[in-house]
Amino acid sequence: MSPPQGAKSAAKAASQASSDASAWRPIHVAIIMDGNGRWAKARGLPRALGHRSGVNALKRTVEAAPKAGIDRLTVFGFSTENWRRPIAEVAELMNLLKSYVESDLDRLEREGVRLRVIGRRTGLAPDILEIIERAERRTTKNDQFLLQVAFNYGGQADIADAARRLAEQVKAGTLEPDRIDETAFERELSTADAGAPDLIIRTSGEKRLSNFLLWEAAYAELVFQDVLWPDYGPAHLTAAVEEFRRRDRRYGGTGVDDVLATA
Ligand code: IPE
Ligand code: IPE
Ligand code: MG
């Protein structure tokens, strides 16, 4: 009996672990940028100022990431559940995406950064959609660094959307149900281009995923840092990368030392 698809890809990942560059540096890092509200509250400021300060932390982190050996960065900007916040705060978060892209697009384009926005487009205002499409179009050929912004993104929504697309292909007669495996499924996720992150960081001390990259988190290393997002900077990113390097990624197999011992 042949091993299931998941076991095959885990075995492949394990056999690559010692030669794969991602064994010593996280090539793809994802960040749950949390704690803007608490940062503002601690200073007696409105939450909006916490979010604005959070954009500066994002700029610092994007600049520091390539220097830390990172090739791809995915950041959680707005979740499908964040619509539950007061209308003024939602409006602030929408405007911040717009002003971030407006202020930084030229520089990102010049520096070879490809910007992608993942998440549901339905529900976003026309001016937000227009700026997202412009940013993606203008940076589409850039290949130095990938900045992926998860906006109106939910891991469950992304999985449901992927399932619907596969179902449509089956209905149209272009896909046989028995061809649906992990690889076929991953191709339909919004993260298909970037793949799964090696490392997921969450700031602010909370220890949960809050619906971020649920499928892709399967074998990510998780690092929780006790810093509020507006205070985040290059030293915190370096510390997270160092923590990642101390981890032993096993993918369900044996550790690197055990492989050497039995070779
Ligand atoms: C993260 O900070 C930003 C978004 C969720 C958009 P929060 O606004 O969640 O800050 P806290 O968790 O209330 O401190
Ligand atoms: C997750 O943070 C969403 C983003 C960082 C954009 P939340 O602050 O919304 O998560 P919960 O509500 O604490 O789980
Ligand atoms: Mg929060």
Side-chain angles (χ1 to χ4, degrees), residues 28-62 65 72-104 115-125 128 131-132 135 147-161 189-191 194 197 199-217 220-233 236-237 240:
H28 181 182
V29 173
I31 308 182
I32 302 172
M33 312 182 286
D34 197 18
N36 295 351
R38 278 162 282 172
W39 183 92
K41 194 173 176 195
R43 285 161 182 76
L45 298 170
R47 290 176 63 88
L49 289 189
H51 295 314
R52 281 180 222 168
S53 219
V55 173
N56 292 330
L58 174 62
K59 291 180 184 185
R60 288 195 293 275
T61 307
V62 169
R72 302 193 281 274
L73 185 68
T74 300
V75 292
F76 205 2
F78 190 88
S79 77
T80 45
E81 288 71 41
N82 286 149
W83 293 102
R84 294 178 185 153
R85 295 187 180 204
I87 195 163
E89 183 166 345
V90 169
E92 174 72 24
L93 292 165
M94 295 286 149
N95 279 332
L96 279 180
L97 174 74
K98 201 173 156 192
S99 62
Y100 171 67
V101 174
E102 273 165 356
S103 70
D104 280 43
L115 188 76
R116 282 199 75 225
V117 178
I118 57 170
R120 281 191 174 151
R121 299 282 160 108
T122 46
L124 298 181
I128 305 288
I131 195 128
I132 290 173
L147 174 60
Q148 201 164 232
V149 181
F151 200 82
N152 196 19
Y153 173 89
Q156 292 177 338
D158 210 47
I159 290 169
D161 290 349
L189 294 172
S190 66
T191 51
L199 167 64
I200 297 178
I201 297 168
R202 183 169 188 148
T203 61
S204 89
E206 305 295 355
K207 293 179 181 64
R208 54 177 172 263
L209 289 175
S210 301
N211 204 8
F212 189 45
L213 301 178
L214 297 184
W215 173 289
E216 299 84 344
E221 294 297 327
L222 308 181
V223 170
F224 299 100
Q225 292 180 292
D226 231 338
V227 51
L228 299 173
W229 177 249
D231 290 327
Y232 206 79
H236 298 102
L237 187 65

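Atoms within a ligand are numbered from 1 in the order they appear, just like the ligands themselves.
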Original post:
Near Glu81 CD, under 6.0 Å, is it more than 12 heavy atoms from other residues, nucleotides or ligands?
Top reply: yes
Original post:
Can you tell me if an N/O/S atom from Asp34 lies under 2.8 Å from the Mg ion (ligand 3)?
Top reply: yes
For ligand 2, list every N/O pair with the protein closer than 3.5 Å, one pair per line with the distance.
from     : atom 1 : to     : atom 2 : distance (Å)
ligand 2 : 8 (O)  : Asp34  : OD1    : 3.2
ligand 2 : 8 (O)  : Arg85  : NH2    : 3.2
ligand 2 : 9 (O)  : Asn82  : ND2    : 2.9
ligand 2 : 9 (O)  : Arg85  : NH2    : 3.3
ligand 2 : 10 (O) : Arg202 : NH2    : 3.3
ligand 2 : 10 (O) : Ser210 : OG     : 3.3
ligand 2 : 13 (O) : Arg208 : NH2    : 2.8
ligand 2 : 14 (O) : Arg208 : NE     : 2.8
ligand 2 : 14 (O) : Ser210 : OG     : 2.6

Original post:
So Phe76 and Phe212, would you call those rings parallel, tilted or perpendicular, with 30° and 60° as cut-offs?
Top reply: parallel
Subject >> Stepwise side chain to side chain donor-acceptor pair (under 3.5 Å) check, Asp158 with Trp215 >> reply: CA-CA 9 Å; Asp158 210 47; Trp215 173 289; over 6 Å; no
**OP:** Kindly say whether Lys207 contributes a backbone atom to a donor-acceptor pair with the side chain of Arg202 at under 3.5 angstrom?
**Re:** no
Original post:
Is the closest heavy-atom distance from His51 to ligand 1 below 4.0 Å?
Top reply: yes
Original post:
For Lys59, does the NZ atom have more than 12 heavy-atom neighbours from other residues, nucleotides or ligands under 6.0 Å away?
Top reply: yes
Throw together a table of side-chain donor-acceptor distances under 3.5 angstrom for residues 45-52, partners on residues two or more places apart or in other chains.
from  : atom 1 : to    : atom 2 : distance (Å)
Arg47 : NE     : Glu89 : OE1    : 2.9
Arg47 : NE     : Glu89 : OE2    : 3.2
Arg47 : NH2    : Glu89 : OE2    : 3.2
His51 : ND1    : Asn36 : ND2    : 3.0
His51 : NE2    : Glu89 : OE2    : 2.8
Arg52 : NE     : Glu92 : OE2    : 2.9
Arg52 : NH2    : Glu92 : OE1    : 3.3

Subject >> Polar side-chain atom of Thr203 near backbone of Met33 as donor-acceptor pair, under 3.5 Å >> reply: no
